[in-house]
Amino acid sequence: NYSTIIGDHNINALVGIEAVEESSKGKGVSRNDFLFETPDFYLLSNGAGTPNVDFAYDGANTLFSIFGTANYSYKGKYFATVTLRNDKSSRFLGDNQSQTFPSFSAGWLISDEDFFPADGLISRLKLKASYGELGNQTLPASNPTINISNLNENLANYAVDGSSIATGAILSQVGNPDLKWETSVSTNLGFELGLLNNDLSISFEYFDIDTKDLITRDLSLISTTAIDASAPLVNLGDIQNTGFDLGISYNHETSWGLSYGIDANISHNKNEVQNLISDFQAGRTDLRGGAVTRTEVGRSISEYFGRRVTGFDSSGRFTYEDVNGDGTINDDDRTYIGSPHPDFTFGVNLRAGYKGFDMSAFFSGSQGNDAYNYQKIFTDFPTFFGSNQSTRVLDAWTPDNTNATVPALSQTITNNETAPNSYFVEDASFIRLKNLQVGYTFNDDIASKVGLDMLRIYVQGTNLFTITDYN
């Protein structure tokens, strides 16, 4: 570490080395045929059945980093920071192990310049900009580049000759030797503004984050009827996020002792897929009815994809939009039916205090995002006939209730109605009172009488209510 002041110049620099090792090891063993069906008796030693090793794992990964950063300021008005780091991860192979990530930021406190009016409406103004690259190697696997097979009593052992059981191994991980670092390149521009002697402050920042070589599992490489191993981790494509963060804060205290304040923020983010290794990527295929999301170039990541419900036919079954206009309803008529990404998110924090009393309330919410209510498959349709149902089925279609919201009741799933469709997509916009606190601080005389430096009592509630249309 190095720090010096030369006249109006302030310099601070740091060079470091970091070595991190993460390891985990564990196993799961099961046994059955217990004499008593009580939780207190459930010990492995008390079972009569043959013990079975369900799973065992032993993994480790390392990260070695060399980094340096330097901070510079001049007259407390001009600021700059430069950082450079090189990371080497054991999760990758060969030349893909190491990656260098630079970053730079700069700021200018204009309000401290001689030409800036000292008695104007604006009491503080700062401009800021930054550029940086950040790598990601935090993955759900320690060695994602290699194939791994494990002995498995449940799935791999098999009586090849029809009599004696032979020990076997099963492929548990499909490796990708070409896997490399995921890198996010971020560019930010913004300002900080103070008005009314800094009682009112405004901050704004525009961001552009380009994520290159996004790492995730390529579910298209392994079908649901293939091996039991998870799909391999791959560098799936490039994602761009652009948007802004806006914050406004106002604090004031009156001459008669009332203090109050409000902090509000709003954020907007546009997500767009720039590049993919395939035409599209489907979401999880192990769900009943199939994948509910799809990702493709030019759209947001993981948008909801399925058929668009248009109403009911004469027998109370869903009707679907003929998207391609060929007169036939099939999988070619699937389309994008919603997005989990909000138009904006927001938060508001209210504060007030008067003569020892204080109050704060924090609200948060989002607007414009959808949710896929997967539970409706079980509560609104006969996925398991005879099981508990939602009260929504009370509004099922009948010849006397043609303006229903749920198809006609049946004993089996018909018309492919639990396959992904717009019935399951709901508006998930919400506003929530996340925290409310009311308190009172006793004066020092009372606190000292009970041997305390300070005494405050308060009542607090969290997640007190949520306003939303989501079921």
Side-chain angles (χ1 to χ4, degrees), residues 22-61 90-93 139-179 215-234 236 278 281-293 331 374-375 377-378 381-388 411-413 416 418-420:
E22 296 179 346
S23 62
S24 61
K25 188 174 184 178
K27 59 182 177 292
V29 182
S30 62
R31 200 173 189 182
N32 53 19
D33 294 338
F34 289 87
L35 295 178
F36 304 104
E37 296 295 329
T38 59
D40 293 339
F41 196 74
Y42 288 158
L43 298 174
L44 288 174
S45 60
N46 291 339
T50 301
N52 189 69
V53 179
D54 299 318
F55 64 86
Y57 60 89
D58 186 2
N61 62 85
S90 65
R91 286 188 164 107
F92 309 113
L93 294 177
L139 307 175
S142 294
N143 301 288
T145 58
I146 61 176
N147 291 345
I148 297 178
S149 296
N150 297 108
L151 300 178
N152 190 302
E153 294 181 6
N154 286 330
L155 301 175
N157 292 0
Y158 189 75
V160 180
D161 58 4
S163 57
S164 59
I165 298 178
T167 300
I170 188 172
L171 185 65
S172 62
Q173 175 180 291
V174 178
N176 174 18
D178 297 322
L179 192 67
I215 299 178
T216 189
R217 297 191 186 277
D218 187 353
L219 301 176
S220 67
L221 297 180
I222 297 180
S223 71
T224 55
T225 57
I227 58 178
D228 289 299
S230 300
L233 291 164
V234 301
L236 194 67
S278 58
Q281 284 285 314
R284 287 179 53 187
T285 56
D286 59 340
L287 300 175
R288 291 180 179 270
V292 302
T293 62
D331 282 349
Y374 182 72
Q375 293 301 317
I377 288 180
F378 308 101
F381 297 90
T383 301
F384 299 107
F385 181 70
S387 62
N388 290 336
Q411 295 185 0
T412 59
I413 296 172
N416 211 24
T418 57

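What's counted below: heavy atoms across the whole structure, side chains too, no hydrogens, waters or symmetry copies. Only a predicted model underlies this, so the values are computations on that prediction, with no experimental measurement involved.
- Rounding to the nearest 0.5 angstrom, the gap separating the CG atom in D218 from the OG1 atom in T216 is 8.5 Å.
- The side-chain hydrogen bond (donor to acceptor under 3.5 Å, both in side chains) check on Y57 picks up nothing, with sequence neighbours excluded.
- Among residues two or more places apart in sequence or in another chain, the side-chain contact (heavy atoms from CB on, under 4.5 Å) test is passed with S387 by F384, Q389.
- More than 12 heavy atoms of other residues, nucleotides or ligands shown are found within 6.0 angstrom of CG on N32.
- Contact record, A231 with R217: O-NH1, 2.7 Å, taken as the closest heavy-atom pair.
- Residues passing the salt bridge (Lys or Arg N to Asp or Glu O under 4.0 Å) test with R284 are D286, sequence neighbours excluded.
- Shown here are the side-chain contact (heavy atoms from CB on, under 4.5 Å) partners of D331, two or more places apart in sequence or in another chain: R307, R334.
- Applying the side-chain hydrogen bond (donor to acceptor under 3.5 Å, both in side chains) criterion to T383, with sequence neighbours excluded, gives no partner residue.
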Please list, one pair per line, the donor and acceptor atoms closer than 3.5 Å that link side chains of residues 37-53 to other protein atoms, with sequence neighbours excluded.
residue, atom, partner, partner atom, Å
E37, OE1, Y42, OH, 2.8
N46, ND2, F41, O, 3.2
N52, ND2, D54, OD1, 2.9
N52, ND2, N154, OD1, 2.8

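- Looking at every heavy atom in both residues, P420 comes nearest to G289 through CD-O, 3.1 Å.
- Checked against side-chain contact (heavy atoms from CB on, under 4.5 Å), Y158 has the following partners two or more places apart in sequence or in another chain: V160.
- For the atom pair N61 CG and L139 CG, the distance stands at 8.5 Å (nearest 0.5 Å).
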Could you go through residues 164-178 and list every donor-acceptor pair under 3.5 Å that involves a side-chain atom there, pairing it with any protein atom two or more places apart or in another chain?
residue, atom, partner, partner atom, Å
S164, OG, D161, OD2, 3.2
S172, OG, I148, O, 3.1
S172, OG, N150, OD1, 2.4
Q173, NE2, N143, O, 2.5
Q173, NE2, I146, O, 3.0
N176, OD1, D178, N, 3.2
N176, ND2, L233, O, 3.0

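- The backbone N or O of A141 sits less than 3.5 Å from a side-chain atom of R91, completing a donor-acceptor pair.
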